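In what follows, a structure is listed as C-alpha coordinates, so that the remarks can point back to it.
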Amino acid sequence: MNIDIFSAQLVQSLTARGIDGQTANTYVKDLLRTLTEEDLREISGYETKEDFVPLSESLASLIREKNARLSAQDTHTKVIRTGPVSPTDVETRQPIGTDNLQHTKTGMQPIRPTESTAVKNPPDNMEHTKIGVPVPGMEEGPLWEEEVGKRGFVPLTPRGKVFFWTLLLVTFPLSLCFSIMMLFIFVLCFLTVCALIGASFLMIGGEVVAGTACFLVGVIYGIIQICTTSVGIGIYEIGLGIICAGVFLALGVLTYYLAVRGLPYVLRQELLFTRHLLRQIKPMINRWREECNKR
(Lines give C-alpha, C1' and ligand atoms only; values in the text may rest on other atoms or scores of the structure.)
Protein backbone atom coordinates (compact mmCIF):
# COMPACT_ATOMS: atom_id res chain seq x y z
CA MET A 1 0.00 0.00 0.00
CA ASN A 2 1.44 3.37 -1.01
CA ILE A 3 1.20 6.54 1.05
CA ASP A 4 -1.69 8.07 -0.94
CA ILE A 5 -3.93 5.03 -0.54
CA PHE A 6 -2.96 4.83 3.14
CA SER A 7 -3.89 8.47 3.81
CA ALA A 8 -7.20 8.18 1.91
CA GLN A 9 -8.23 5.00 3.74
CA LEU A 10 -7.15 6.46 7.08
CA VAL A 11 -9.39 9.50 6.47
CA GLN A 12 -12.27 7.16 5.60
CA SER A 13 -11.65 5.16 8.75
CA LEU A 14 -11.68 8.30 10.90
CA THR A 15 -14.86 9.55 9.20
CA ALA A 16 -16.52 6.20 9.90
CA ARG A 17 -15.69 6.71 13.58
CA GLY A 18 -17.54 10.03 13.74
CA ILE A 19 -14.71 12.47 12.97
CA ASP A 20 -15.44 15.42 10.71
CA GLY A 21 -13.92 15.03 7.25
CA GLN A 22 -12.02 18.30 7.27
CA THR A 23 -10.65 17.62 10.76
CA ALA A 24 -9.67 14.09 9.72
CA ASN A 25 -7.82 15.42 6.67
CA THR A 26 -5.91 17.93 8.79
CA TYR A 27 -4.84 15.39 11.38
CA VAL A 28 -3.82 12.86 8.74
CA LYS A 29 -1.66 15.49 7.00
CA ASP A 30 -0.02 16.33 10.33
CA LEU A 31 0.59 12.63 10.93
CA LEU A 32 2.21 12.13 7.52
CA ARG A 33 4.75 14.84 8.29
CA THR A 34 6.03 12.86 11.29
CA LEU A 35 6.53 9.54 9.49
CA THR A 36 10.02 8.05 9.41
CA GLU A 37 11.56 5.61 6.97
CA GLU A 38 10.70 2.74 9.30
CA ASP A 39 7.06 3.88 9.36
CA LEU A 40 6.97 4.09 5.56
CA ARG A 41 8.30 0.53 5.30
CA GLU A 42 5.59 -0.57 7.72
CA ILE A 43 2.92 1.19 5.64
CA SER A 44 4.13 -0.53 2.48
CA GLY A 45 3.31 -3.84 4.15
CA TYR A 46 -0.36 -2.91 4.74
CA GLU A 47 -2.94 -4.44 2.42
CA THR A 48 -6.33 -3.38 3.79
CA LYS A 49 -7.78 -0.91 6.29
CA GLU A 50 -8.02 -3.67 8.84
CA ASP A 51 -4.22 -3.69 9.19
CA PHE A 52 -4.14 -0.27 10.85
CA VAL A 53 -7.34 -0.40 12.92
CA PRO A 54 -5.42 0.29 16.18
CA LEU A 55 -3.93 3.36 14.54
CA SER A 56 -7.35 4.64 13.48
CA GLU A 57 -8.85 4.09 16.93
CA SER A 58 -5.91 5.79 18.66
CA LEU A 59 -5.99 8.79 16.36
CA ALA A 60 -9.79 9.10 16.62
CA SER A 61 -9.61 8.98 20.40
CA LEU A 62 -6.93 11.67 20.37
CA ILE A 63 -9.06 13.91 18.14
CA ARG A 64 -12.16 13.47 20.32
CA GLU A 65 -10.22 14.35 23.47
CA LYS A 66 -8.72 17.41 21.82
CA ASN A 67 -12.10 18.59 20.53
CA ALA A 68 -13.74 18.02 23.91
CA ARG A 69 -11.01 20.02 25.63
CA LEU A 70 -11.34 22.87 23.13
CA SER A 71 -15.12 22.85 23.46
CA ALA A 72 -14.83 23.12 27.24
CA GLN A 73 -12.48 26.08 26.86
CA ASP A 74 -14.82 27.78 24.40
CA THR A 75 -17.74 27.33 26.82
CA HIS A 76 -15.87 29.17 29.57
CA THR A 77 -14.58 31.99 27.37
CA LYS A 78 -17.59 32.68 25.16
CA VAL A 79 -19.71 35.76 26.06
CA ILE A 80 -23.43 35.03 25.90
CA ARG A 81 -25.63 37.93 24.90
CA THR A 82 -29.42 37.87 25.38
CA GLY A 83 -30.43 41.39 24.30
CA PRO A 84 -29.94 43.29 21.08
CA VAL A 85 -26.52 44.69 20.42
CA SER A 86 -26.45 48.46 20.68
CA PRO A 87 -24.10 50.53 18.55
CA THR A 88 -22.10 51.52 21.63
CA ASP A 89 -21.36 47.96 22.71
CA VAL A 90 -18.67 47.33 20.15
CA GLU A 91 -17.24 49.15 17.22
CA THR A 92 -17.90 46.97 14.22
CA ARG A 93 -15.40 47.29 11.43
CA GLN A 94 -16.30 44.58 8.99
CA PRO A 95 -14.00 44.14 5.98
CA ILE A 96 -15.54 44.52 2.55
CA GLY A 97 -16.73 41.24 1.07
CA THR A 98 -16.98 39.32 4.39
CA ASP A 99 -20.26 38.19 5.84
CA ASN A 100 -21.56 36.30 8.84
CA LEU A 101 -18.91 37.54 11.26
CA GLN A 102 -19.61 37.28 14.97
CA HIS A 103 -18.50 40.10 17.27
CA THR A 104 -18.44 40.04 21.06
CA LYS A 105 -18.30 42.81 23.60
CA THR A 106 -14.77 41.87 24.56
CA GLY A 107 -13.33 43.57 21.51
CA MET A 108 -11.70 40.36 20.23
CA GLN A 109 -11.08 39.82 16.55
CA PRO A 110 -14.14 38.45 14.71
CA ILE A 111 -14.20 34.74 13.96
CA ARG A 112 -16.13 32.76 11.41
CA PRO A 113 -18.59 30.24 12.81
CA THR A 114 -17.75 27.71 10.09
CA GLU A 115 -14.09 27.57 11.02
CA SER A 116 -13.07 24.70 13.25
CA THR A 117 -10.74 25.49 16.10
CA ALA A 118 -9.36 21.98 15.96
CA VAL A 119 -8.25 22.57 12.39
CA LYS A 120 -6.26 25.67 13.31
CA ASN A 121 -4.57 24.09 16.28
CA PRO A 122 -2.09 21.36 15.43
CA PRO A 123 -2.00 18.19 17.54
CA ASP A 124 -0.23 18.27 20.86
CA ASN A 125 3.53 18.16 20.91
CA MET A 126 3.91 14.38 21.10
CA GLU A 127 6.64 11.97 20.17
CA HIS A 128 5.87 9.07 17.81
CA THR A 129 7.69 5.80 18.25
CA LYS A 130 5.45 4.03 15.74
CA ILE A 131 3.04 5.59 13.31
CA GLY A 132 0.11 7.15 15.05
CA VAL A 133 0.96 5.86 18.50
CA PRO A 134 1.62 9.06 20.49
CA VAL A 135 3.58 8.78 23.68
CA PRO A 136 4.44 11.50 26.18
CA GLY A 137 7.86 13.14 25.98
CA MET A 138 10.72 11.95 28.09
CA GLU A 139 10.80 13.18 31.65
CA GLU A 140 13.61 15.30 32.90
CA GLY A 141 16.51 13.29 34.27
CA PRO A 142 17.59 13.30 37.91
CA LEU A 143 19.55 16.23 39.22
CA TRP A 144 22.79 14.27 39.60
CA GLU A 145 22.82 13.35 35.88
CA GLU A 146 22.95 16.99 34.79
CA GLU A 147 26.20 18.44 33.56
CA VAL A 148 28.40 19.62 36.39
CA GLY A 149 28.24 23.36 36.96
CA LYS A 150 24.79 23.97 35.51
CA ARG A 151 22.90 23.32 38.72
CA GLY A 152 23.65 23.77 42.37
CA PHE A 153 23.29 21.29 45.16
CA VAL A 154 19.96 19.58 45.75
CA PRO A 155 18.09 21.35 48.58
CA LEU A 156 17.60 19.21 51.64
CA THR A 157 14.35 18.66 53.47
CA PRO A 158 14.43 18.94 57.28
CA ARG A 159 14.45 15.16 57.64
CA GLY A 160 16.93 14.76 54.80
CA LYS A 161 19.22 17.35 56.39
CA VAL A 162 19.36 15.28 59.59
CA PHE A 163 20.25 12.11 57.66
CA PHE A 164 22.82 13.93 55.53
CA TRP A 165 24.79 15.54 58.34
CA THR A 166 24.57 12.44 60.54
CA LEU A 167 25.98 10.21 57.81
CA LEU A 168 28.61 12.81 56.95
CA LEU A 169 29.89 12.94 60.52
CA VAL A 170 29.84 9.15 60.91
CA THR A 171 31.66 8.45 57.65
CA PHE A 172 34.04 11.42 57.83
CA PRO A 173 37.10 9.42 59.06
CA LEU A 174 36.62 6.82 56.33
CA SER A 175 36.08 9.50 53.68
CA LEU A 176 39.17 11.40 54.84
CA CYS A 177 41.35 8.27 54.69
CA PHE A 178 40.03 7.41 51.25
CA SER A 179 40.66 10.95 49.97
CA ILE A 180 44.22 10.95 51.32
CA MET A 181 44.89 7.56 49.75
CA MET A 182 43.56 8.71 46.34
CA LEU A 183 45.64 11.90 46.54
CA PHE A 184 48.74 9.87 47.42
CA ILE A 185 48.17 7.51 44.48
CA PHE A 186 47.70 10.43 42.09
CA VAL A 187 50.83 12.24 43.28
CA LEU A 188 52.83 9.01 43.16
CA CYS A 189 51.75 8.24 39.59
CA PHE A 190 52.39 11.83 38.50
CA LEU A 191 55.88 11.91 39.99
CA THR A 192 56.67 8.46 38.58
CA VAL A 193 55.80 9.50 35.04
CA CYS A 194 57.77 12.75 35.42
CA ALA A 195 60.77 10.80 36.75
CA LEU A 196 60.54 8.37 33.81
CA ILE A 197 60.56 11.31 31.38
CA GLY A 198 63.70 12.71 33.00
CA ALA A 199 65.34 9.27 33.10
CA SER A 200 64.56 8.78 29.42
CA PHE A 201 66.47 11.91 28.46
CA LEU A 202 69.40 10.75 30.59
CA MET A 203 69.27 7.37 28.87
CA ILE A 204 69.39 9.10 25.50
CA GLY A 205 72.60 10.87 26.52
CA GLY A 206 74.09 7.63 27.84
CA GLU A 207 73.18 5.73 24.66
CA VAL A 208 74.74 8.44 22.51
CA VAL A 209 77.95 8.32 24.54
CA ALA A 210 78.02 4.49 24.52
CA GLY A 211 77.34 4.30 20.78
CA THR A 212 80.05 6.85 19.98
CA ALA A 213 82.54 5.06 22.22
CA CYS A 214 81.82 1.68 20.62
CA PHE A 215 82.20 3.15 17.15
CA LEU A 216 85.49 4.86 17.92
CA VAL A 217 86.96 1.87 19.74
CA GLY A 218 85.93 -0.50 16.97
CA VAL A 219 87.33 1.71 14.20
CA ILE A 220 90.60 2.52 15.98
CA TYR A 221 91.18 -1.06 17.11
CA GLY A 222 90.32 -2.35 13.65
CA ILE A 223 92.81 0.00 12.00
CA ILE A 224 95.49 -1.12 14.46
CA GLN A 225 94.74 -4.77 13.65
CA ILE A 226 94.93 -4.07 9.93
CA CYS A 227 98.31 -2.44 10.33
CA THR A 228 99.79 -4.98 12.75
CA THR A 229 98.11 -8.35 12.61
CA SER A 230 95.60 -9.13 9.84
CA VAL A 231 93.39 -7.25 7.45
CA GLY A 232 90.43 -9.60 8.06
CA ILE A 233 90.53 -9.18 11.82
CA GLY A 234 90.77 -5.41 11.45
CA ILE A 235 87.75 -5.27 9.11
CA TYR A 236 85.84 -7.48 11.54
CA GLU A 237 86.58 -5.14 14.44
CA ILE A 238 85.56 -2.10 12.42
CA GLY A 239 82.26 -3.74 11.40
CA LEU A 240 81.57 -4.78 14.98
CA GLY A 241 82.07 -1.20 16.15
CA ILE A 242 79.69 0.10 13.46
CA ILE A 243 77.04 -2.49 14.43
CA CYS A 244 77.25 -1.51 18.12
CA ALA A 245 76.93 2.15 17.19
CA GLY A 246 73.83 1.37 15.09
CA VAL A 247 72.23 -0.59 17.95
CA PHE A 248 72.78 2.25 20.38
CA LEU A 249 71.46 4.71 17.78
CA ALA A 250 68.25 2.68 17.40
CA LEU A 251 67.83 2.50 21.18
CA GLY A 252 68.35 6.23 21.41
CA VAL A 253 65.62 6.90 18.82
CA LEU A 254 63.16 4.60 20.62
CA THR A 255 63.97 6.21 23.96
CA TYR A 256 63.51 9.66 22.45
CA TYR A 257 60.01 8.80 21.15
CA LEU A 258 59.18 7.29 24.53
CA ALA A 259 60.24 10.49 26.32
CA VAL A 260 58.59 12.86 23.83
CA ARG A 261 55.44 10.98 22.78
CA GLY A 262 54.67 7.99 24.98
CA LEU A 263 55.18 9.22 28.53
CA PRO A 264 53.59 12.68 27.96
CA TYR A 265 50.53 10.89 26.55
CA VAL A 266 50.32 8.76 29.70
CA LEU A 267 50.68 11.89 31.83
CA ARG A 268 47.94 13.69 29.90
CA GLN A 269 45.57 10.75 30.24
CA GLU A 270 46.24 10.62 33.98
CA LEU A 271 45.36 14.30 34.30
CA LEU A 272 42.18 13.85 32.24
CA PHE A 273 41.15 10.88 34.38
CA THR A 274 41.76 12.90 37.54
CA ARG A 275 39.70 15.79 36.20
CA HIS A 276 36.89 13.36 35.36
CA LEU A 277 36.93 12.02 38.91
CA LEU A 278 36.82 15.53 40.35
CA ARG A 279 33.83 16.37 38.15
CA GLN A 280 31.94 13.39 39.54
CA ILE A 281 32.16 14.68 43.12
CA LYS A 282 29.30 17.16 42.76
CA PRO A 283 26.87 14.68 41.07
CA MET A 284 27.69 12.11 43.77
CA ILE A 285 26.92 14.63 46.51
CA ASN A 286 23.66 15.56 44.77
CA ARG A 287 22.68 11.92 44.52
CA TRP A 288 23.48 11.41 48.18
CA ARG A 289 21.37 14.43 49.15
CA GLU A 290 18.54 13.17 46.95
CA GLU A 291 18.58 9.78 48.64
CA CYS A 292 18.61 11.47 52.06
CA ASN A 293 15.47 13.39 51.07
CA LYS A 294 13.70 10.08 50.28
CA ARG A 295 14.28 8.70 53.79
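Here the structure is a predicted model, which means the values were calculated and not measured.
Applying the side-chain contact (heavy atoms from CB on, under 4.5 Å) criterion to Arg275, with sequence neighbours excluded, gives Leu272, Arg279. Partners of Ile281 according to the side-chain contact (heavy atoms from CB on, under 4.5 Å) rule, which considers only residues two or more places apart in sequence or in another chain, are Leu278, Ile285. The side-chain contact (heavy atoms from CB on, under 4.5 Å) check on Glu57 picks up Arg17, Val53, with sequence neighbours excluded. By the ring pair (Phe, Tyr, Trp, His ring centres under 6.0 Å) test, Phe164 pairs with Trp288, sequence neighbours left out.
Under the 4.5 Å side-chain heavy-atom criterion for ILVMFWY residues, a single connected hydrophobic cluster contains both Val260 and Leu267. Under the 4.5 Å side-chain heavy-atom criterion for Ile, Leu, Val, Met, Phe, Trp and Tyr, Val253 and Leu258 are members of the same hydrophobic cluster. Taken together through direct or relayed side-chain contacts under 4.5 Å among Ile, Leu, Val, Met, Phe, Trp and Tyr, Leu196 and Phe273 form parts of separate hydrophobic clusters. Using a 4.5 Å cut-off between side-chain heavy atoms of Ile, Leu, Val, Met, Phe, Trp and Tyr, with links allowed through other members, Leu202 and Leu263 fall into different hydrophobic clusters.
Counting only residues at least two apart or on different chains, no side chain to side chain donor-acceptor pair (under 3.5 Å) pair has a member in residues 162-174. Listed by first and then second residue, the side chain to side chain donor-acceptor pair (under 3.5 Å) pairs that reach into residues 231-250 come to none, sequence neighbours excluded. Among residue pairs with one or both ends in residues 262-272, none qualify as side chain to side chain donor-acceptor pair (under 3.5 Å); sequence neighbours excluded. Pairs of residues two or more places apart, or lying in two chains, that qualify as side chain to side chain donor-acceptor pair (under 3.5 Å) and include a residue from residues 240-256 are Glu207-Thr255.
The other residues sharing a hydrophobic cluster with Ile180 are Phe172, Leu176, where clustering joins ILVMFWY side chains under 4.5 Å apart.
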Throw together a table of side-chain donor-acceptor distances under 3.5 angstrom for residues 241-252, partners on residues two or more places apart or in other chains.
none

May I have the list of side-chain donor-acceptor pairs in residues 183-192 shorter than 3.5 Å, sequence neighbours left out?
unit_1	atom_1	unit_2	atom_2	d
Thr192	OG1	Leu188	O	2.6

Pairs under 3.5 angstrom only: tabulate donor-acceptor contacts from the side chains of residues 208-232 to other protein residues two or more places apart or in another chain.
unit_1	atom_1	unit_2	atom_2	d
Thr212	OG1	Val208	O	2.8
Tyr221	OH	Gln225	NE2	3.0
Gln225	OE1	Thr229	OG1	3.1
Thr228	OG1	Ile224	O	2.6
Ser230	OG	Gly232	N	3.3

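Note that the CD1 atom of Ile19 and the OG atom of Ser13 stand 10.0 Å from one another [nearest 0.5 Å]. Distance CD1/Ile235 to CG/Leu240: 13.5 Å, rounded to 0.5 Å. Atom-to-atom distance recorded for Leu277:CG and Met284:CE is 9.5 Å, nearest 0.5 angstrom. Rounding to the nearest 0.5 Å gives a distance of 9.5 Å between CD of Glu290 and CG of Leu156.
Nearest heavy atoms, Val154 versus Arg289: O-NE, 2.7 Å.
Looking at Arg287 and Pro283, their side chains never come closer than 4.5 Å, going by heavy atoms from C-beta outward. Annotation: side chain of Leu62 is not in contact with side chain of Lys66 (no heavy-atom distance under 4.5 Å). Under the 4.5 Å side-chain criterion, counting only non-hydrogen atoms from C-beta, Leu59 is in contact with Leu10. Leu55 places a side-chain heavy atom less than 4.5 Å from the side chain of Phe6. Proximity of Lys282 to Phe153: side-chain heavy atoms (C-beta onward) are separated by under 4.5 Å at one or more points. Looking at Leu31 and Tyr27, their side chains never come closer than 4.5 Å, going by heavy atoms from C-beta outward.
Side chain of Asn293 to backbone of Thr157: a donor-acceptor contact under 3.5 angstrom is found. Remark: side-chain polar atoms of Thr15 are paired, donor with acceptor, to backbone N or O of Val11 under 3.5 angstrom.
Shown here is Arg159, whose CZ atom has no more than 12 heavy atoms of other residues, nucleotides or ligands within 6.0 Å.
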